[in-house]
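Please read these numbers as outputs of a predicted model, since none were measured by experiment.
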Amino acid sequence: ELRQPILRNFGMDFNRAQINIRKNERKINEEAFRARVIETLNNTERAYWALVGARRDVTLSAELLSEAKLTYDQVRARVDFDAYQTLLFRSEAAVKAREFEYIDVKNRVRNSEDQLLNLLNDPEVPLSADLEILPIDEPTIIEVLRDRFHEVESALLHRPEIIQARHRVDVARIQLGISKNQALPQLDVVYRMTLNGLGPSADAGFDQMTGGNFIDQYVGMELAWNFGERAERAGIRIAALQQSQAVLTYKRSLDDVITDCRVAMRNLDTSFRQLQPSYEAVVAGSENLRSLQERQEGKATAELDTTLNAQVNLAQARRALLNAIVSYNQGIVDVERSKGTLLDYDNVVVAEQP
């Protein structure tokens, strides 16, 4: 029997529909994997720069603790001369606060190392090994010029979320075509050939059938139609709603990606603009502390109290500058992530297993 559909189940598009759906689903899964790789890579780079900032913060905390101890020793040496008890206690409290801060910063370094090791997931560097990570890449403070229109355009071309949403729209369109095809009446052209055989035994009947003496041939058309077509029409409405949902999801993905890209670039620009005033604050604080520390032996007790405040202010300014530098380098990575080009930026290739 040979059967050729004329309406329902007819056409190359219908017969290749499942193949095209599976191709789109494969692309969706590939982009989902690429999105996961980008997310892991972005988190790893952010953790790296967080470790850089934590290690440098240890140095700042150690310097502040050393200066606080020096000032405390000066106050204690003059307690019998002109230093009042309140200043002594305040100096001691400042030392203890700096010690607390120094311990906390060292702990943050170890936590940052563990987080980075966990993200690296290197079998040769297990978390159980008590290893110390020493960053060698220096953070950059050079301005990275960005064309906002070009960056957004690149994001719309490369972000996995948009590519996934686009393929889901294609799947929904194919499903709608299938539903419309299945709503058509079934009209088939049929050709049927029957070989007949009859005998007193099976062998005789088989010989008569293969002899080709008794052949029935039939050519005709068969029509089947469901009255009301409620199920078919409901299927079309469901597929149409799913297509509308896929289109709206695609539009929403476009808006989310554009917003994410613009926010990332704005944060990067803000971090860079904060570098200059943070640096100037550090320079001013350093000059202020240097002027206060001159002529240590002739300094009044009130000036010793002012020195404590100047040390704290300088440490805060240095920490603000450090945070701005770390945020700026993290912002560079985040912009590449928002564009969907972080893999190219870090020379990472996602390839199939040969």
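Annotation: side chain of Tyr345 is in contact with side chain of Ile332 (closest heavy-atom distance under 4.5 Å). In this structure, Val282 and Ser286 have side chains that are in contact, with non-hydrogen atoms separated by less than 4.5 Å.
Counting non-hydrogen atoms of neighbouring residues, nucleotides and ligands closer than 6.0 angstrom, the CE atom of Met221 exceeds 12 such neighbours. More than 12 non-hydrogen atoms from other residues, nucleotides or ligands lie less than 6.0 angstrom from CZ of Arg110. Few gaps surround CZ on Arg3; more than 12 heavy atoms of other groups in view lie less than 6.0 Å from it. Heavy-atom contacts from other residues, nucleotides or ligands closer than 6.0 Å to CG of Leu198 number 12 or fewer. Dense packing is recorded around CZ of Arg22, with more than 12 heavy atoms of other residues, nucleotides or ligands lying under 6.0 Å away. Atom CZ of Phe14 is surrounded by more than 12 heavy atoms from other residues, nucleotides or ligands within 6.0 Å. Within 6.0 Å of the CZ atom in Arg262, the count of heavy atoms belonging to other residues, nucleotides or ligands does not exceed 12. Atom CD of Gln245 sits in a sparse spot, with 12 or fewer heavy atoms from other residues, nucleotides or ligands closer than 6.0 Å.
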Self-check item: Worked check of side chain to side chain contact (heavy atoms under 4.5 Å, CB included) between Arg34 and Gln164
Solution: CA-CA 11 Å; Arg34 193 167 71 91; Gln164 286 178 294; over 6 Å; no

Practice problem: Please step through side-chain hydrogen bond (donor to acceptor under 3.5 Å, both in side chains) for the pair Asn9 and Gln186, ending with a clear verdict. | Solution: CA-CA 8 Å; Asn9 301 333; Gln186 183 176 349; over 6 Å; no

Practice problem: Could you walk me through whether Gln274 and Tyr328 pass side-chain hydrogen bond (donor to acceptor under 3.5 Å, both in side chains), step by step? | Solution: CA-CA 9 Å; Gln274 289 175 338; Tyr328 179 65; over 6 Å; no

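In the hydrophobic clustering of ILVMFWY residues, with side-chain heavy atoms under 4.5 Å counting as a link, Val171 and Ile178 come out together. Grouping the Ile, Leu, Val, Met, Phe, Trp and Tyr side chains by contacts below 4.5 angstrom, directly or via other members, places Leu156 with Met265. Hydrophobic clustering, with ILVMFWY side chains joined whenever heavy atoms are under 4.5 angstrom apart, keeps Val263 apart from Leu254. Residues Ile258 and Val247 are members of one and the same hydrophobic cluster, defined by side-chain heavy-atom contacts under 4.5 angstrom among Ile, Leu, Val, Met, Phe, Trp and Tyr.
A donor-acceptor pair under 3.5 Å is absent between the side-chain atoms of Asn181 and the main chain of Arg8, judged by distance alone. Side-chain atoms of Thr210 come within 3.5 Å of backbone N or O of Phe206 as a donor-acceptor pair. Counting only distance, with no hydrogens or angles, the side chain of Arg159 and the backbone of Ser338 share a donor-acceptor pair below 3.5 Å. Side-chain atoms of Tyr48 come within 3.5 Å of backbone atoms of Asp137 as a donor-acceptor pair (strictly under, hydrogens ignored).
A side-chain N or O of Ser61 and one of Arg319 form a donor-acceptor pair less than 3.5 Å apart. Residues Gln4 and Asp188 have side chains that never bring a donor and an acceptor to within less than 3.5 angstrom of each other. Donor-acceptor pairing under 3.5 Å is recorded for the side chains of Thr341 and Glu336. Side-chain N/O atoms of Gln115 and Asn43 include no donor and acceptor closer than 3.5 Å.
Ion pairing of Glu31 with Arg168 is absent here, as no side-chain N (NZ or NE/NH1/NH2) approaches a carboxylate O to less than 4.0 Å. Electrostatic pairing of Asp104 and Arg108 counts as a salt bridge here, judged by a charged N lying under 4.0 Å from a carboxylate O. For the pair Asp170 and Lys27, the salt-bridge criterion is not met [side-chain N within less than 4.0 Å of a carboxylate O].
Leu65 pairs in a side chain to side chain contact (heavy atoms under 4.5 Å, CB included) with only one of the listed residues (Lys96, Glu101, Arg98), which is Arg98. Checking Ile38, Val348, Val37, Asp334 one by one against Leu342, the side chain to side chain contact (heavy atoms under 4.5 Å, CB included) holds for a single residue, Ile38.
Closest non-hydrogen pair, Ala155 versus Ile162, comes out as O-CD1, 4.0 Å. Between Gly53 and Leu322 the shortest heavy-atom distance is O-CD2, 3.2 Å. A pairwise comparison of heavy atoms in Leu7 and Pro185 identifies CB-O, 3.2 Å as the closest pair.
Between Ile215 atom CD1 and Met193 atom CE the span is 6.0 Å, to the nearest 0.5 Å. Summarising the geometry, atom CG belonging to Asp122 is positioned 7.0 Å from atom CG belonging to Leu120; distances are rounded to the nearest 0.5 Å.
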